[in-house]
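Here the structure comes first, spelled out in structure tokens, and everything after it is commentary.
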Amino acid sequence: MPLVLVAGISGSGKSVVCIELQARGYEAHDTDLEGNAVWVHRETGEAAAVDPGPNVSAPEWLEQHEWRVVRHKVEAMAENAGNRTVFLCGMTANQDEVSHLFSRIVYLSIDARTLRDRVASRTTNDFGKAPHELAAILAWHDVVEDGYRRLGAAIIDATRPLHQVVEGVLHASP
């Protein structure tokens, strides 16, 4: 079951790493695509609209919802991996529920300045452009990496050029 989680804070490069892994012939999935994760109401556990549209930018909406991986999809990835290494790139609020399915966890580490620059300049994802979203990302940034270190994740400096980051991910994988 060589399923590898490539995690990191918003702007760390998870999606571009996923695309590069695919270009190199690896099976790689993005939690932001393919229905691999959904917005869920924190209290009820019910999935929100597939596309919350402008509501995701409302501070109240973000306080009430969290991005969660779809457990059965991760279970299927692990089951179907066979002898191949399969990557899931993304970070969700409930990753601990499926952490036992990963043979390795890799964390893409960036500093706060790089985070701000990348979130401000990216064109493929608007999350983080609203001030309250950026504030939430920066608050997560301050605590998330330490949690991954405690889990024994391989920490990759994601401020390096993409090819070096991907080589680091591959080197850290089983």
Side-chain angles (χ1 to χ4, degrees), residues 3-24 26 28-34 36-40 42 48 51-69 74 87-96 98-99 102 104-173:
L3 182 61
V4 176
L5 175 64
V6 179
I9 202 72
S10 292
S12 62
K14 301 175 302 289
S15 294
V16 295
V17 165
C18 185
I19 291 166
E20 181 63 21
L21 287 167
Q22 290 168 346
R24 293 183 184 202
Y26 291 93
H29 303 273
D30 191 327
T31 57
D32 292 349
L33 304 173
E34 308 167 39
N36 292 317
V38 294
W39 285 104
V40 174
R42 293 176 194 268
D51 179 9
N55 292 334
V56 77
S57 293
E60 311 79 43
W61 196 91
L62 189 56
E63 288 172 13
Q64 296 170 358
H65 296 82
E66 62 187 7
W67 190 237
R68 292 187 190 171
V69 69
V74 178
F87 298 89
L88 178 61
C89 305
M91 199 166 87
T92 61
N94 66 328
Q95 284 177 181
D96 57 328
V98 294
S99 62
F102 297 103
R104 187 68 163 135
I105 298 174
V106 177
Y107 184 82
L108 303 180
S109 177
I110 59 173
D111 57 88
R113 181 176 177 211
T114 301
L115 183 158
R116 287 175 187 269
D117 292 346
R118 287 185 181 175
V119 168
S121 64
R122 67 182 173 185
T123 59
T124 58
N125 184 341
D126 286 338
F127 186 72
K129 298 210 185 275
H132 72 281
E133 293 170 350
L134 180 58
I137 294 168
L138 288 167
W140 298 329
H141 178 266
D142 290 341
V143 296
V144 169
E145 185 172 328
D146 286 338
Y148 279 97
R149 284 184 189 280
R150 284 192 297 277
L151 286 174
I155 308 298
I156 305 294
D157 178 359
T159 63
R160 296 180 304 165
L162 178 60
H163 73 279
Q164 291 179 8
V165 173
V166 173
E167 287 300 320
V169 168
L170 291 172
H171 180 70
S173 303

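No hydrogens, no waters, no symmetry mates; every other heavy atom, side chains included, goes into these values. The first residue in the sequence is number 1, and the count goes up from there.
- Ring pair Phe87/Tyr26 is perpendicular by interplanar angle, where above 60° counts as perpendicular and below 30° as parallel.
- Residue Arg118 holds its CZ atom at 13.0 Å from CD1 of Ile137, rounded to the nearest 0.5 Å.
- Scanning all heavy atoms of the two residues, the minimum distance from Trp67 to Thr31 falls at CZ2-O, 3.4 Å.
- Residues Tyr148 and Ile105 meet the side-chain proximity criterion, which asks for heavy atoms closer than 4.5 Å.
- Within the 4.5 Å cutoff, no side-chain heavy atoms of Glu20 are placed close to those of Val17.
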- How far apart are the C-alpha atoms of Leu5 and Val74, what are their side-chain angles, what is the distance that settles it, and do they pass the side chain to side chain contact (heavy atoms under 4.5 Å, CB included) test? CA-CA 10 Å; Leu5 175 64; Val74 178; over 6 Å; no
Identify all side-chain donor-acceptor contacts of residues 166-173 below 3.5 Å with residues at least two apart in sequence or on another chain.
{"unit_1": "Glu167", "atom_1": "OE2", "unit_2": "Arg24", "atom_2": "NH1", "d": "2.4"}
{"unit_1": "Ser173", "atom_1": "OG", "unit_2": "Val169", "atom_2": "O", "d": "2.6"}

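- Residues Glu34 and His29 share a closest heavy-atom pair of OE1-ND1, 2.9 Å.
- Without hydrogens or angle criteria, Asp146 side chain to Val143 main chain gives no donor-acceptor distance under 3.5 Å.
- The shortest distance between side-chain heavy atoms of Leu151 and Tyr107 does not fall below 4.5 Å.
- Contact annotation: the side chain of Thr124 never approaches that of Ser15 to less than 4.5 Å [non-hydrogen atoms, C-beta and beyond].
- Annotation: side chain of Val16 is not in contact with side chain of Val165 (no heavy-atom distance under 4.5 Å).
- The two atoms that bring Arg42 and His65 nearest to each other are NH2-O, 3.0 Å, heavy atoms only.
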Next item on the list: Would you check, one step at a time, whether the test side chain to side chain donor-acceptor pair (under 3.5 Å) holds for Asp157 with Ser109?
Entry: CA-CA 5 Å; Asp157 178 359; Ser109 177; over 6 Å; no
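- Pairing each heavy atom of Leu108 with each of Ala158, the nearest pair is CB-CB, 3.7 Å.
- Taking a 6.0 Å sphere around CZ of Arg116, one finds it holds 12 or fewer heavy atoms contributed by other residues, nucleotides or ligands.
- One finds the CD1 atom of Ile9 at 12.5 Å from the CG atom of Asp111 (value rounded to the nearest 0.5 Å).
- Scanning all heavy atoms of the two residues, the minimum distance from Ala28 to Gln22 falls at O-NE2, 2.7 Å.
- Residues Lys129 and Glu133 are not paired through a salt bridge, judged by the lack of any N-O separation under 4.0 Å between the basic side chain and the carboxylate.
- Between the side chain of Lys14 and the backbone N or O of Gly8, at least one donor-acceptor pair lies under 3.5 Å.
- Of the inter-residue distances, the one linking Cys89 atom SG with Leu21 atom CG reads 5.5 Å to the nearest 0.5 angstrom.
- Heavy atoms only, all atoms of each residue included: Ser10 and Val119 are closest at O-CG2, 4.0 Å.
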message: side chain to side chain donor-acceptor pair (under 3.5 Å) for Asp96 and Ser99? Distances and angles first, verdict last.
response: CA-CA 5 Å; Asp96 57 328; Ser99 62; over 6 Å; no
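- Remark: Arg104 pairs with no residue by the salt bridge (Lys or Arg N to Asp or Glu O under 4.0 Å) rule, at least two apart or across chains.
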- Evaluate side chain to side chain contact (heavy atoms under 4.5 Å, CB included) for Val144 paired with Met91, printing each intermediate quantity in order. CA-CA 10 Å; Val144 169; Met91 199 166 87; 3.7 Å; yes
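- With a 4.5 Å cut-off on side-chain heavy atoms, Val4 and Leu88 do not count as touching.
- In this structure, the side chains of Asn36 and Asp30 stay at 4.5 Å or more apart for every pair of heavy atoms.
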